[in-house]
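When reading the values below, keep in mind they use all heavy atoms of this one structure, side chains included, and skip hydrogens, waters and symmetry mates. As the structure is a computational prediction, the values presented were derived from the model and not from experiment.
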Amino acid sequence: GIIVVTFNYRLAALGFLSLPDLGINANLGLLDQLEALRWTARNAIHFGGDAARVTLCGWSAGAASVTYHLYSPAAKGLFHNAIIMSGSMTQSWAYTYDPDRCGREYLRTHDATSREQLQSRPLAQLMSTEQGFHINFFSLYYYCFLPTDDSYRPEPDLRIVGRDPFARVRIGPPESDVPLLVGYTTLEHGNLFLERDFAHTTPNFPNDNATVHTLLEDYLDRQARSNRSVSRRRFYQELASLADIIYGIQYFVRHAAAHQRAPMYRYLFAYDGAFGYAKHWYYRNEIGRPDLPGPMHGDELGYLFTPYLYRGRRWQDIDEKAYRTERRVQRRMLRLWCNFIKYG
């Protein structure tokens, strides 16, 4: 059998506020995950697990976390396979090159100039205001408290992310050279993007300046005009979708595969069925392109865990003849994932 271990870790400002000059260090949320891995290694034997056969699995931001741990010396030996679903550390939303931008504004919002003053504020207040700090990406946004550079920390066990995740995956092998299962869905967020709008897209790259931004806009506009097979609007919709999820994963796969020795298996989840929570529930009122077929970001989770349609219902109340195709796809996906976990 397979034992699933889940855990909580600090998110947003509580987990990723970074102001080292004030003693507020980066990536506490990732350190929480690292401690959970250590706890699992110490205690697996007590609940029927095997500390020598741990698979680290994550989806979206969790997938980005998995890839950070792959390249972290502190996590080496704590897991032996990794499943990376719809995310990686080379996503536009998985790293911030300018943590000060949000960090200083967060302090001003709470009228604080030190870590002690910030700690004195009510937790509810800290959590309620953090939602206003985000990075815009076309018609989507992400909280701007993200993993960032922790190379300044003198303790090796507290350095997980480093200076630049793109350079890190490009230059050398992962610290944990383990079998990988990596992939994404056919649509991801592709049906949410409506229009090109750089005014509502926050720059987040190392050489951010006005000149680079202007050159980028000019280049993309030329590409849009020269592409006669699709409209300008469609060009930017597809570009946004690619940049949001797919490009980062493909970048990771291309460079990680060039350096690691362990096998890497890729998948593309393409089944657009009723168990897709994202498309049929979470994003149902935000879809800008209902004509686009395919599963969205997170729809594959309904085929690994209890589908949202079944939640709150007793198994005996579910018609065994309903959702036959969905259940067949679910059995197949579970078999694939379980075989990878068991045999690598």
Side-chain angles (χ1 to χ4, degrees), residues 1-12 29 33 36 55-66 82-88 91 93-94 127 131 134 137 139-143 181-194 241 244-246 249 267-341:
I2 293 173
I3 298 170
V4 178
V5 179
T6 64
F7 53 86
N8 295 322
Y9 61 95
R10 283 170 286 183
L11 300 170
Q33 297 171 11
T55 296
L56 185 58
C57 176
W59 165 79
S60 194
S65 297
V66 170
I83 300 176
I84 302 162
M85 303 173 64
S86 293
S88 73
Q91 309 296 144
W93 40 260
M127 294 180 66
Q131 298 177 14
H134 52 260
F137 188 83
S139 57
L140 297 179
Y141 72 90
Y142 309 103
Y143 294 131
L181 177 61
V182 189
Y184 49 87
T185 69
T186 52
L187 195 55
E188 294 292 348
H189 286 145
N191 56 354
L192 298 182
F193 298 105
L194 295 175
S241 176
D244 177 40
I245 299 283
I246 297 171
I249 299 172
Y267 74 87
L268 177 65
F269 186 83
Y271 181 65
D272 191 1
F275 288 176
Y277 170 78
K279 193 171 194 177
H280 298 293
W281 184 259
Y282 188 78
Y283 288 120
R284 69 190 189 283
N285 295 323
E286 302 174 37
I287 293 175
R289 291 289 308 280
D291 58 305
L292 292 180
M296 290 184 66
H297 186 62
D299 279 344
E300 73 275 42
L301 298 179
Y303 299 86
L304 286 178
F305 302 101
T306 302
Y308 80 102
L309 292 170
Y310 289 0
R311 293 173 190 168
R313 301 172 63 184
R314 298 182 303 172
W315 287 108
Q316 56 265 38
D317 295 334
I318 296 173
D319 182 1
E320 63 179 20
K321 296 180 181 180
Y323 310 116
R324 282 187 170 180
T325 304
E326 283 80 1
R327 293 168 74 170
R328 186 165 62 249
V329 172
Q330 185 182 52
R331 288 193 297 271
R332 180 177 298 175
M333 189 170 180
L334 281 168
R335 184 166 62 250
L336 290 169
W337 262 239
C338 289
N339 283 341
F340 175 79
I341 291 169

Exercise for review: Answer yes or no: does atom OH of Y282 have more than 12 heavy-atom neighbours from other residues, nucleotides or ligands under 6.0 Å?
Suggested key: no
**Study point:** Atom CG of N8 with >12 non-hydrogen neighbours under 6.0 angstrom
**Key:** no
Got [X] and [Y] here, is their nearest side-chain heavy-atom distance under 4.5 Å?
X    : Y    : result
T186 : P295 : yes
S88  : Y184 : no
E300 : W59  : yes
Y323 : Y310 : yes

Without swapping roles, check the side chain of [X] against the backbone of [Y] for a donor-acceptor pair under 3.5 Å.
X    : Y    : result
E326 : G273 : no
E286 : L192 : no
H280 : D299 : no
R328 : T325 : no
K279 : I287 : no

Practice item. Using the ring pair (Phe, Tyr, Trp, His ring centres under 6.0 Å) rule, pick out the option among Y267, Y308, F275, W337 that qualifies with Y303. Key: F275
Let me confirm one number: the [atom1]-[atom2] distance from [X] to [Y], rounded to the nearest 0.5 Å.
X    : Y    : atom1 : atom2 : result
L309 : W281 : CG    : CH2   : 10.0 Å
L336 : L181 : CG    : CG    : 8.5 Å
I84  : S65  : CD1   : OG    : 11.0 Å
T185 : I246 : OG1   : CD1   : 7.5 Å
R327 : R331 : CZ    : CZ    : 7.0 Å

Practice item. Could you tell me whether R332 sits above the aromatic face of Y271, with NZ or CZ closer than 6.0 angstrom to the six-membered ring centre and within 45 degrees of the axis? Key: no
Mind listing the closest non-hydrogen atom pair of [X] and [Y] along with its distance?
X    : Y   : answer
A63  : G87 : CB-O, 3.4 Å
V66  : L56 : CG2-CG, 3.8 Å
H297 : S60 : NE2-OG, 2.8 Å

Review point. Hey, mind stepping through I83 and I341 against side chain to side chain contact (heavy atoms under 4.5 Å, CB included) and telling me if it holds?
Key: CA-CA 9 Å; I83 300 176; I341 291 169; 4.0 Å; yes
Exercise for review: Go through the structure and list residues passing salt bridge (charged side-chain N to carboxylate O under 4.0 Å, His left out) with D291, not counting sequence neighbours.
Suggested key: R289
Point to revise | CA sep, side-chain torsions, deciding dist, call: E188, D244, side chain to side chain contact (heavy atoms under 4.5 Å, CB included) | key: CA-CA 9 Å; E188 294 292 348; D244 177 40; 5.7 Å; no
Exercise for review: Run the numbers on L334 and L304 for side chain to side chain contact (heavy atoms under 4.5 Å, CB included), then give the verdict.
Suggested key: CA-CA 6 Å; L334 281 168; L304 286 178; 4.2 Å; yes
Exercise for review: Step by step, work out the side chain to side chain contact (heavy atoms under 4.5 Å, CB included) result for L301 and F269.
Suggested key: CA-CA 10 Å; L301 298 179; F269 186 83; over 6 Å; no
Point to revise | Donor + acceptor pair across side chains of Y283, H189 (<3.5 Å) | key: yes
